[in-house]
Amino acid sequence: MALVVICGQPCSGKSTAAKCLEGALKVSESKLTVKVIDESSFHLDRNQCYSNMTEEKMLRGVLRSEVDRSVSKDGIIIVDSLNSIKGYRYELWCLARAAGIRYCVLFCDVEESHSRTWNKQRRENGESSYDDKILEDLVRRFEKPDKRNRWDSPLFELWPFRDGIEKSSAAIVDAVSYLTKKADAKSRDVRVLQPTIATQSARPSDANSLYEMDRATQEIINAVVEAQSQAFGGPVNGISLGQGLSPINISRPVGLPELRRLRRTFIKLTGQSSLSGPPPPSDAESAKRMFVDYLNRELG
């Protein structure tokens, strides 16, 4: 139904915002299923995850994969992490678009000095905190979200140091309203992302369908070549291919290169039509019937 990206400097109240949003959504009239995805879900240490670029890239990959597995039209996913790189937020936006769901960013806006202060307080209280060197590196590389970007819009902003974070915070209330509002032709302020051919996930059956089609069409080609060899190059009429299949009528000799070209074209055309229409045939008999009809049109 929706993907929510929590964004902000380290130690800016993102986890608190995620918990408040999760709680507000669960007590809303819609009673939605909400899942929070964060580093702690995988028992990862924040200092180790951000100790170098390789570890950080691996962390983003783990979180992105979990989001990809979890997004659906039936629940709301909250990604509670730094999400500080705009390119990474774009990748998450693409996942939401491919799933055909809503998307928004909840930004915890604090001054760098406040992040340092809160990090120090956590360390003194024995809570999870960042090493000073890692904190400074993350603060320096943070890319602030911009509502003019598709992947940062709609943008709901919190100011934790000034206003605190509560379920009743204006940004939380607005986000809940956006995520739960019924989308129809009249609700112009609610955007449900629409998947494109480029972002649509392949159907689970596609690999098997292509395998069956490849095998079935090759059997037809072999049968045609065998029939022509027995006819010593003359015209071949009524090549029988088994029960339930129409015979193939060939009025002229057809070489193997031309048959292979027709086979490749058939497979390509069938794959293209499956992107916007029904999937390709998943069984050999259906693939054979379609290929025989195609050959009769091209060679008859």
Side-chain angles (χ1 to χ4, degrees), residues 3 57-58 60-62 64-74 87 90-101 150 192-300:
L3 175 62
K57 185 176 181 180
M58 289 177 60
R60 291 198 297 269
V62 168
R64 182 174 58 247
S65 297
E66 183 63 21
V67 171
D68 194 16
R69 286 192 294 268
S70 303
V71 289
S72 70
K73 296 183 181 295
D74 303 321
Y90 173 73
E91 292 178 11
L92 296 176
W93 178 83
C94 287
L95 293 180
R97 183 175 64 171
I101 59 177
R150 292 172 296 169
V192 178
L193 301 179
Q194 298 300 320
T196 63
I197 290 178
T199 59
Q200 280 181 323
S201 300
R203 294 181 174 95
S205 62
D206 278 358
N208 183 59
S209 300
L210 291 175
Y211 169 76
E212 291 294 342
M213 187 183 302
D214 184 80
R215 186 170 64 88
T217 52
Q218 187 59 53
E219 289 181 8
I220 298 296
I221 294 297
N222 293 340
V224 172
V225 171
E226 179 65 21
Q228 287 190 119
S229 67
Q230 294 179 1
F232 301 102
V236 181
N237 293 317
I239 301 176
S240 178
L241 299 167
Q243 187 176 3
L245 296 175
S246 303
I248 298 179
N249 297 309
I250 301 177
S251 58
R252 61 179 176 81
V254 182
L256 183 58
E258 183 178 358
L259 289 171
R260 286 175 174 170
R261 178 181 60 78
L262 290 169
R263 175 172 173 265
R264 289 195 300 269
T265 303
F266 170 77
I267 293 175
K268 183 178 179 180
L269 290 173
T270 305
Q272 288 177 344
S273 64
S274 70
L275 288 173
S276 56
S282 57
D283 62 283
E285 292 304 314
S286 297
K288 286 180 180 179
R289 283 195 296 271
M290 292 176 64
F291 189 46
V292 166
D293 292 343
Y294 176 76
L295 288 180
N296 279 328
R297 288 197 304 271
E298 296 295 320
L299 302 175

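Quick note: numbers below take in every heavy atom, side chains included, and nothing from hydrogens, waters or symmetry partners.
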Shortest non-hydrogen contact from [X] toward [Y]:
X    : Y    : result
V292 : S246 : CG1-O, 3.4 Å
M213 : A287 : CA-CB, 4.0 Å
L3   : I101 : N-CD1, 3.9 Å
Y90  : R97  : OH-NH2, 4.5 Å
L262 : F291 : O-CE1, 4.3 Å
G100 : P195 : CA-CD, 3.9 Å

With a 4.5 Å heavy-atom cut-off, do V254 and L295 have their side chains touching? no
Residue list, side chain to side chain donor-acceptor pair (under 3.5 Å) with Q218, at least two apart or on another chain: N222
Contacts of R289 that satisfy side chain to side chain donor-acceptor pair (under 3.5 Å) - sequence neighbours left out: S286
Nearest 0.5 angstrom please: [X] [atom1] to [Y] [atom2], how far?
X    : Y    : atom1 : atom2 : answer
I221 : F266 : CD1   : CZ    : 10.5 Å
T217 : I267 : OG1   : CD1   : 4.0 Å
L269 : M290 : CG    : CE    : 10.0 Å
D214 : E219 : CG    : CD    : 10.5 Å
E298 : E258 : CD    : CD    : 9.0 Å
E91  : D68  : CD    : CG    : 11.0 Å

Might you confirm whether atom CZ of R215 has over 12 heavy atoms from other residues, nucleotides or ligands at distances under 6.0 Å? yes
Residue pairs, two or more places apart or on separate chains, that pass salt bridge (charged side-chain N to carboxylate O under 4.0 Å, His left out) and touch residues 222-231: none
Do R260 side-chain atoms and G255 backbone N/O form a donor-acceptor pair below 3.5 Å? no
May I ask you to decide if P247's main-chain N or O and N296's side chain share a donor-acceptor pair within less than 3.5 Å? yes
